[in-house]
Amino acid sequence: KALPSPDLPGLHGVLLTALRQGAPGAMARVDDHGTTLRTAVGIADRKSLRPLSNTDRFRIGSVTKIFSAVVLLQLADERKLKLDAPVNRYLPGLLPDGRITVRHVLSHRSGLYDYTNDMFARTVPGFEAVRSKVFTFRQLVDRSLRKPRTTRPGGAYSYSNTNFVVAGMLIKKLTGNSVRTEYQNRIIEPLKLRDTFYVHPRTKIPGRHARGYLTPDTAGAALVDATRQTASWAQSAGAVISTTRDLNTFLSALLGGRLMSATQLAQMQRWVPAGSTQAYGLGLRRRNLSCGVSVYGHTGAVQGFYTYAFASRDGRRSLAALTNTSNNGAVLNTMLGSLESAFCGKPAK
Ligand SMILES: CC1(C)S[C@@H]2[C@H](NC(=O)CCCC[C@H](NC(=O)C[NH3+])C(=O)[O-])C(=O)N2[C@H]1C(=O)[O-]
């Protein structure tokens with residue numbers, strides 16, 4: 001069943017609402033069976049007032065989790081990894097519970113506590129305390145292990161960045177390479193993602209980019225320029241930099257079956273409930289939209305940037321949307337409307 005045509009005026013309206021709610025800028029790109037629609041409002045830089053553009057690079061936050069999941073599923077195709085094997089088989093002694101499997105980790109059912117809950121309990125002080133820090137994967141996992149598990153292994157979905165730090169450790173151990181090398185070799189180069197980078201722990205976003213502005217917890221307080229950070233608190237859970245075009249190329253390739261076997265793509269889409277209109281697979285979210293269409297991708301929230309990156313089941317239509325603010329629930333919720341405009345078209349009269 002063909003999707004309704006994308007509603008570009010509606011999409012533009014969503015972005016203008018995000019501006020009214022405090023985002024300096026917002027943009028979106030829809031790629032639909034070879035046709036591209038773009039829209040951008042507001043500014044990339046609050047000092048120079050340069051307008052935001054879809055050519056601007058930005059931090060994609062947890063959309064990074066799809067990159068990590070793709071690498072591990074390719075390793076499963078190469079028989080270097082079994083999804084239902086315990087993590088401790090590959091990383092002896094890492095986790096205190098030998099029952100936690102790779103699948104549990106990639107579907108947020110490991111029960112591993114999310115260390116960012118404490119790290120960012122106070123938004124700006126938490127960010128300032130880590131923005132220049134470089135962490136090892138082990139240090140991040142150790143922070144998590146100081147707290148009790150949130151569920152038994154294979155229990156209910158409970159989102160945790162710790163899971164995708166463990167995913168990064170698995171990538172390093174199973175390939176002998178850095179996460180950066182594996183992203184480059186398996187995703188960025190094959191798909192020619194010219195504006196996609198993993199530069200951790202360098203703090204600069206390479207080339208032309210949007211500046212990102214963190215909204216403080218105190219209402220009315222000035223936005224904090226969060227553009228420069230190591231993103232070392234996130235790494236394989238959230239440190240990739242990209243653009244709307246590259247994210248659409250990536251998601252179209254993924255859902256079009258060009259990044260792994262059909263068997264592994266099916267594994268990636270074994271869903272567990274994750275809220276009333278959401279489900280989670282392996283590093284992949286499914287969102288059910290008001291028009292009955294389901295879309296597949298991930299959201300990202302990293303200091304200064306909110307990202308939505310989703311595609312249709314066959315990958316032939318994709319949307320990437322960005323606002324250069326974060327810690328602003330109204331904006332995050334408003335931007336959900338970009339999915340409706342892109343995949344459900346004009347609302348019924
Ligand atoms: C579930 C999410 C939305 S949050 C999760 C991950 N981002 C983080 O865990 C960072 C949270 C702190 C970011 C910060 N917020 C605070 O400090 C609040 N005190 C801000 O808004 O800039 C990501 O990205 N994921 C999104 C996802 O996966 O969809």
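Ligands are counted one by one from 1 in listed order, and the atoms in each one are counted from 1 as well. Because only heavy atoms are used, hydrogens play no part in the values below, and waters and symmetry mates are left out as well, while side chains stay in.
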Phe197 ring centre to Arg57 NZ or CZ under 6.0 Å, with the angle to the axis within 45°? no

Do you know which of Ile187, Leu284, Thr249 makes side-chain contact (heavy atoms from CB on, under 4.5 Å) with Leu254? Leu284

Under 4.0 Å from ligand 1 - residues by heavy atom, chain and number: Ser62, Thr116, Phe120, Thr123, Tyr159, Asn161, Leu214, Trp233, Arg285, His298, Thr299, Gly300, Ala301, Val302, Gln303, Ser326, Asn327

Which of parallel (below 30°), tilted (30 to 60°) and perpendicular (above 60°) describes Tyr157 and Tyr280? tilted

Worked verdict on Thr162 versus Asp114 for side chain to side chain donor-acceptor pair (under 3.5 Å): CA-CA 5 Å; Thr162 312; Asp114 189 341; 4.6 Å; no

Is the Phe164 ring parallel, tilted or perpendicular to the His108 ring (thresholds 30°, 60°)? tilted

How would you list, by chain and number, every residue that makes a side-chain contact (heavy atoms from CB on, under 4.5 Å) with Thr277, sequence neighbours excluded? Arg287

